[in-house]
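Here's the structure we're looking at; comments come further down.
Throughout, protein chains are lettered first and strands after them, A, B, ... in sequence-line order, and every chain is numbered starting at 1. Note that this is a predicted model, so its numbers are computed, not measured.
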Amino acid sequence: MEEEMEAGVVKKFMYVNRKQPYGTVYALEVLEMVLISAAFDQDVHLVFTDDGVLQLKKNMATEGIGMKNFSKTYRALEGYDIEKLYVDQESLDERGLTEDDLLVDVQVVSRAEMAKLMDQMDVVLSA
Amino acid sequence: MEEEMEAGVVKKFMYVNRKQPYGTVYALEVLEMVLISAAFDQDVHLVFTDDGVLQLKKNMATEGIGMKNFSKTYRALEGYDIEKLYVDQESLDERGLTEDDLLVDVQVVSRAEMAKLMDQMDVVLSA
Amino acid sequence: MKFAVLVNEGPFNHQASDSAYQFVKAALSKGHQIFRVFFYYDGVYNASKLSEPPTDDRNVVANWGKLAEEHKLDLVVCVAAALRRGIKDENLAAGFRISGLGQLIEAGIQADRLVTFGD
Amino acid sequence: MKFAVLVNEGPFNHQASDSAYQFVKAALSKGHQIFRVFFYYDGVYNASKLSEPPTDDRNVVANWGKLAEEHKLDLVVCVAAALRRGIKDENLAAGFRISGLGQLIEAGIQADRLVTFGD
Amino acid sequence: MSQLHTVSKSPFERTNLQSCLKLATPGSAILLYEDAVIGAMQGTSMADAVAAAAKTFSLHVLGPDLAARGLDAAKVVPGVKVVDYAGFVDLAAEASAVQAWC
Amino acid sequence: MSQLHTVSKSPFERTNLQSCLKLATPGSAILLYEDAVIGAMQGTSMADAVAAAAKTFSLHVLGPDLAARGLDAAKVVPGVKVVDYAGFVDLAAEASAVQAWC
């Protein structure tokens with residue numbers, strides 16, 4: 001299969017999450033991409049910036065809007081060896097959030113650090 | 001038909017255009033709504049605010065993007081007795097435009113006047 | 001009171017159709033009447049009977065159909081918007097009908113309030 | 001150079017698919033190779049063979065199909081995104097095929113550049 | 001009787017709420033729902049502007065959308081009222097017309 | 001070699017361009033296309049900010065999208081380069097990667 005054809009090629013993939021969960025489907029469908037790229041043994045980075053930091057908020061309760069709470073999936077990422085999660089401090093600050101509000105461990109970086117990291121990527125998928 | 005059933009009922013309809021043409025389909029599909037409401041003999045108002053003022057820009061040339069230039073339709077509105085077109089001065093100013101840039105006659109009003117007008121409507125359809 | 005509802009986004013990509021559905025349910029619970037739910041722009045995709053969401057999530061298309069059956073709702077898909085986007089009688093979900101934009105204007109005239117969901 | 005292209009919006013509602021089409025044509029004209037065009041999110045609606053736009057406007061679905069035929073392009077629609085939105089083999093337009101998200105990741109690995117159009 | 005203005009997109013992402021605040025007449029009702037609910041929270045960089053708006057308008061936020069996003073309804077900007085879908089219906093019924101800013 | 005950043009939505013409507021300018025590294029190429037092209041014009045309320053950005057980044061705008069909207073390519077902010085789709089392809093080819101801000 002393709003997986004074998006690609007053996008050995010490892011690229012730096014980055015998923016840039018800039019939107020809230022639920023208001024649009026992007027957060028959910030990005031997770032599907034992320035899980036597949038892990039299966040291809042790529043070097044996967046997840047960035048949460050702007051409203052994307054809200055994807056990681058603790059205590060989501062979606063019964064009232066009739067949609068599935070998929071925030072557990074972020075906790076499962078570790079099991080797929082996806083451990084490079086970055087959040088920028090400025091986006092948290094603007095939204096009145098702190099690291100304690102987030103349901104998974106992330107590296108909190110400055111916008112300047114995030115910019116530098118982005119520039120090193122081979123493939124950037126954003127939503 | 002329904003048209004006859006409604007005879008006599010005239011409501012103030014307002015179409016609020018806030019988006020550019022071409023980047024999305026809203027401008028084009030709003031025009032389809034506008035033409036139908038004229039056929040129902042309603043009191044039709046068109047408002048162009050924010051990026052919506054760009055829908056009325058002269059000299060559109062869409063060959064390069066492969067899409068149909070539908071700006072002629074705005075000129076045809078008069079033929080359907082749709083003559084209440086409003087643009088707010090502030091939106092023009094922000095985009096460096098003047099009334100001379102527009103391809104149809106409109107009433108240029110202040111935002112305060114536009115706000116007052118909106119508040120008098122029975123049905124508001126926005127995009 | 002008589003409400004009309006306009007849904008302008010497709011299912012899944014935006015929450016608009018979900019919010020409209022919750023609004024309609026709440027209005028019915030309070031004894032209001034829903035004159036019509038009209039689907040325009042990408043909203044016409046809400047009427048695709050081929051839509052198969054994951055089984056552990058809500059089914060937007062089916063939910064509308066069920067609600068329509070229970071409360072005799074009139075769910076109308078704009079024919080022009082639908083033709084462009086590939087929604088036709090052959091893939092139209094149960095509970096929906098395809099008709100002209102005049103049905104939206106009529107809803108605006110007949111209903112006491114028209115409430116729009118989505119861009 | 002080898003390009004891969006990702007289209008994330010449906011036809012008509014957003015310009016994204018039109019821009020992607022123009023980009024692909026320009027890249028081919030310059031002698032570049034298009035490894036794959038992948039359709040995700042609402043982008044899967046670009047593959048609906050039932051789409052019938054007004055005859056005086058461009059036909060986005062047909063344009064992709066023709067370009068694919070002329071240049072042997074690989075147009076791939078994401079199966080998960082498509083199932084949710086009601087795009088299946090029975091309404092799949094000519095020139096497109098339905099496959100997994102792995103095809104996108106593979107395109108990211110194989111192509112020199114991946115260029116995304118639309119939200 | 002004045003209008004109900006609804007805003008569904010995040011004020012951090014789009015300018016819809018800004019436009020709405022410019023064009024709504026004082027005393028009108030405004031409802032923030034879907035992604036717009038973040039705009040109702042205390043402690044954000046726009047909380048002061050929202051608190052000021054709450055003095056001019058009758059500002060509301062949809063509770064189920066707050067809860068879905070893990071946002072605490074007890075921590076909305078003072079003056080903003082939390083409603084459920086039934087409250088949304090009431091707001092629409094009480095208004096002269098409903099204008100969506102998306 | 002640095003990235004190409006693409007922005008397609010209007011900076012009057014969304015905050016994408018702002019976010020892009022905050023996270024692109026100096027010297028990167030930025031292309032405004034589709035509704036974003038209004039951001040490249042002289043005389044707008046954001047023209048000064050865009051002129052400043054044109055000193056830090058290699059700023060481009062897509063000509064066919066300007067023409068479609070009736071905007072005069074001769075009146076873009078000084079320092080912004082007008083390209084066609086072939087130029088868009090070149091920018092993508094010359095970049096280390098392409099990042100879409102939508």
Side-chain angles (χ1 to χ4, degrees), chain B residues 16-31 47-75 87-106 110-111 114 126-127, chain F residues 6-18 20 31-51 54 60-90 100-102:
Chain B
V16 181
N17 294 286
R18 297 182 49 245
K19 290 192 162 69
Q20 292 184 33
Y22 310 115
T24 56
V25 81
Y26 295 101
L28 175 67
E29 291 192 316
V30 164
L31 279 171
V47 152
F48 300 86
T49 185
D50 294 336
D51 272 359
V53 299
L54 285 161
Q55 293 179 20
L56 303 179
K57 182 77 181 63
K58 281 179 186 162
N59 304 322
M60 293 182 190
T62 59
E63 301 76 17
I65 60 167
M67 292 168 74
K68 184 187 157 194
N69 178 352
F70 59 88
S71 66
K72 277 187 291 279
T73 314
Y74 297 104
R75 292 212 170 154
V87 165
D88 73 295
Q89 185 67 52
E90 288 87 337
S91 294
L92 288 174
D93 291 347
E94 285 167 8
R95 286 156 193 80
L97 301 176
T98 67
E99 213 178 328
D100 285 345
D101 288 309
L102 309 182
L103 51 78
V104 286
D105 285 337
V106 297
S110 69
R111 258 189 197 136
M114 189 175 276
S126 51
Chain F
T6 62
V7 181
S8 67
K9 304 298 184 194
S10 169
F12 285 104
E13 193 193 357
R14 304 214 199 184
T15 56
N16 305 22
L17 177 58
Q18 275 177 49
C20 169
L31 173 68
L32 307 179
Y33 75 113
E34 296 183 4
D35 286 350
V37 298
I38 182 67
M41 297 304 293
Q42 289 175 24
T44 77
S45 59
M46 60 182 67
D48 289 346
V50 172
H60 300 77
V61 62
L62 195 69
D65 275 319
L66 285 172
R69 287 159 184 79
L71 301 171
D72 185 350
K75 291 183 184 159
V76 299
V77 165
V80 176
K81 290 169 259 332
V82 181
V83 297
D84 58 9
Y85 290 103
F88 185 173
V89 172
D90 291 342
W101 295 84
C102 312

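Residues F:A68 and B:I65 approach most closely at CB-CD1, 3.5 Å, considering heavy atoms.
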Present all donor-acceptor pairs from chain F to chain B with distances below 3.5 Å, rounded to 0.1 Å.
{"residue": "F:S10", "atom": "OG", "partner": "B:D51", "partner atom": "OD2", "Å": "2.4"}
{"residue": "F:D35", "atom": "O", "partner": "B:Q20", "partner atom": "NE2", "Å": "2.8"}
{"residue": "F:D35", "atom": "OD1", "partner": "B:G23", "partner atom": "N", "Å": "3.3"}
{"residue": "F:S45", "atom": "N", "partner": "B:E94", "partner atom": "O", "Å": "2.7"}
{"residue": "F:S45", "atom": "OG", "partner": "B:E94", "partner atom": "O", "Å": "3.4"}
{"residue": "F:A67", "atom": "O", "partner": "B:A61", "partner atom": "N", "Å": "2.9"}
{"residue": "F:A68", "atom": "N", "partner": "B:A61", "partner atom": "O", "Å": "3.2"}
{"residue": "F:R69", "atom": "NE", "partner": "B:Q20", "partner atom": "OE1", "Å": "2.9"}
{"residue": "F:G70", "atom": "O", "partner": "B:K57", "partner atom": "NZ", "Å": "2.8"}

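To the nearest 0.5 angstrom, F:L66 atom CG is 12.5 Å from B:M60 atom CE.
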